[in-house]
Amino acid sequence: MCGIIGYTGNKDAAPVLLQSLKKMEYRGYDSAGFGIIHDKSIQILKDAGRIDDIASRVSIRTKKGTTGIAHTRWATHGGVTQTNAHPHVSCDTKIAVVHNGIIENYQELSSKLKNEGHRFASETDTEVIAHLIEKYYRIEKSPLKALQSAVKQLKGTFATLALFDDKPELVLGARKDAPLVVGLGKGENFIASDIVSFISYTDKVAFLKDYEIASITPSKVQIFTFDGEPVPVVSTQVAWEASDISKKEFAHYTLKEISEQANTINAALDQDEVKIVEFCEAIRNAENVRITASGTSFHAGILMRYLLAKLAKIHAQVFISSEIDHEIDLIDENTLVIAISQSGETADVLEAVKKAAAKGAKIVSLVNTVGSSLTRESKVSLPLNCGPEIGVAATKSFTSQLAIIYDIAFRLAGLDDKREQLNDLGRYVEIVLNQGERIKEIAEKHKLAADFYFIGRGLHFPIALEGALKMKELSYTHAEGLAAGELKHGTLALVDAGTPVIAINPSDETYSETLSNISEMKARGARVIAVSDKDNELYDEIISIPSVDPAFFPIIEVIPLQILAYYAAVERALDPDYPRHLAKSVTVK
Ligand code: G6P
């Protein structure tokens, strides 16, 4: 769960690597490092800390050399120290590597290599890759062959890049179960975990598949299998633009992404008709429908289950992807698995779909990152079209998922008039976004709160879960999301004088019953902040949302909860874009 980038070209590599690495800071941000070839040797500059601090500490911008690799780390093996930061080098320091993933057999490999005389400097699993390549380079004399031999020894997941000081224009990259994509430039080429890292230089990409190696120089890109068979380099133009990854006038990416939702919801609805019909038919024809996802996307999955049941009378089960081993017995060739993921690279989600596919299940998906591993595992994959999401906490990707889920549910229910109304949602989203200042005041008023409870019934229950998750991720404050009726079965014991309760209570069929639950909490001293289109004397505060067709409340009401969590973080002087300990794309199990 790290970000890696390699560059070879006609510019100084250091500033390019720095800029590119910063775009991937969302993938991990406890340490960073650079390896740059200059004067026939590899300079390694690395440390623990945030990229900008490290870059100025090591004066990265002044470094010379036109070929290099870089890494932003989210520690798995070995503490957060300078020694454990990547790149890692071979004994003779002539080879340097960066790596995203986990090498499961690193202990076995490192003891073997140590017996053969290799000296290790770090506690990481990654360092074995550098020593393995060194071992085979001595025998094979070819970087490509050495890397092939090395990766064949590795068990686990990896996207890894290697530099050789005697090949000053070459970067090699290998992938197995972790993302790696080549950026095709003019007189320069890139290889990275994510397109966003190099999109300001080129929008032409070639996706690497598992068990493939890319070899890039300024003028040439070649792809091979781990066995050395050449693979055609297929160039794809991505629709993202450099401006999509700038913060523009916003203080944080998270706020920018929240603010984009009036447009991104519409973009999500712009689907290829043939593909979305095929997606719906797959649901209609399946005996057994299972939805799977992690984190925020899992909450979209719960809403999908509710909507399919409520509108289309289709029974679907939803499970957390990391629980696949406890679901697998109920999955067979009559099962349709719907996977939902912003990144399309979440290891838990990929493992779930691979295990389901191995049992004969058909896989379809909703994914933001076109070309990601999940799109490749899917029979049909519908893109979220929300552009790059940089803030670690998912915001616009969630409402894009919901928009497509609504479209699918309405199609399956034959509710064409409702489908048309989806196109008007942007207007209502704007109204909610205009309440930013009011929500900021509420966040300020509750900045000392130790706990928040979010409640909602039916379609509002997954939104309560999502509101609580946003609050935890962004403000590091304990928060729980509950089905409103469940509160009295235990959690009510925690409600005390002044405890903030966010009640999602728009005027639909859940209104009166949720109001009863609100009364129960008021009687225990709770301070109720309602998200609703209808005021009530029981509310201490209200965040007003527009009166829309009740079916659409969830997609509107989640936006104030995102804004509330954002300002809760800002009030606590935290960085909402990069919450501690978290990463956006969790490519490890
Ligand atoms: C990480 C992110 C969450 C995200 C989850 C699933 O935990 O921090 O924001 O919801 O992964 O990610 P996916 O890309 O599969 O939607």
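In listed order, ligands and their atoms are each counted from 1. All values below were derived from every heavy atom in this structure, side-chain atoms included, with hydrogens, water molecules and symmetry-related copies excluded.
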*In ligand 1, which numbered atoms sit nearer than 4.0 Å to a non-hydrogen atom of Ser343?*
13 (P), 14 (O), 15 (O)
_Nearest non-hydrogen protein atom, atom 7 (O) of ligand 1_ = Val586 CG2, 3.7 Å
*Identify the closest protein heavy atom to atom 6 (C) of ligand 1: which residue and atom is it, and at what distance?*
Ser294 O, 3.4 Å
*Using a 4.0 Å heavy-atom threshold (strictly under), name the region of Thr296 that reaches ligand 1: side chain, backbone, both or neither.*
both
*Does Val392 come within less than 4.0 Å of ligand 1, judged by its heavy atoms?*
yes
*Tell me, which protein residue and heavy-atom name are nearest atom 11 (O) of ligand 1, and how many Å apart are they?*
Lys584 O, 3.6 Å
*Starting from the C-alpha separation in whole Å, work towards a yes-or-no answer on salt bridge (charged side-chain N to carboxylate O under 4.0 Å, His left out) for Asp177 and Lys354.*
CA-CA 11 Å; Asp177 294 329; Lys354 283 179 186 167; 2.8 Å; yes
*For His252 and Tyr566, does a side-chain donor sit closer than 3.5 Å to a side-chain acceptor?*
yes
*If you draw a 6.0 Å radius around NZ in Lys275, do more than 12 non-hydrogen atoms from other residues or ligands fall strictly inside?*
yes
_Could you identify the single nearest non-hydrogen protein atom to atom 3 (C) of ligand 1 and state the distance to 0.1 Å?_
Glu473 OE2, 4.2 Å
*Starting from atom 12 (O) of ligand 1, find the nearest protein heavy-atom neighbour and note its residue, name and distance.*
Thr346 OG1, 3.3 Å
*Among all protein heavy atoms, pick the one closest to atom 8 (O) of ligand 1 and tell me residue, atom and distance.*
Ala583 O, 3.0 Å
*asked:* For Thr346 and Ser294, which I'm curious about, is there any donor-acceptor pair between the side chains at under 3.5 Å?
replied: no
*Is it the side chain, the backbone, both or neither of Glu345 that has a heavy atom closer than 4.0 Å to ligand 1?*
neither
_Name the residue from Met24, His86, Arg27 that meets the side chain to side chain contact (heavy atoms under 4.5 Å, CB included) definition with Asn100._
Arg27
*Got the closest protein heavy atom to atom 16 (O) of ligand 1, with its distance?*
Ser297 OG, 2.6 Å
*Take atom NZ in Lys440; do more than 12 heavy atoms of anything else shown fall under 6.0 Å from it?*
no
*When you measure from the centre of the six-membered ring of Tyr29, is the NZ or CZ of Arg50 under 6.0 Å away and within 45° of the axis?*
yes
*asked:* Between the side chains of Glu273 and Arg411, is the shortest nitrogen-to-carboxylate-oxygen separation below 4.0 Å, so that they form an ion pair?
replied: yes
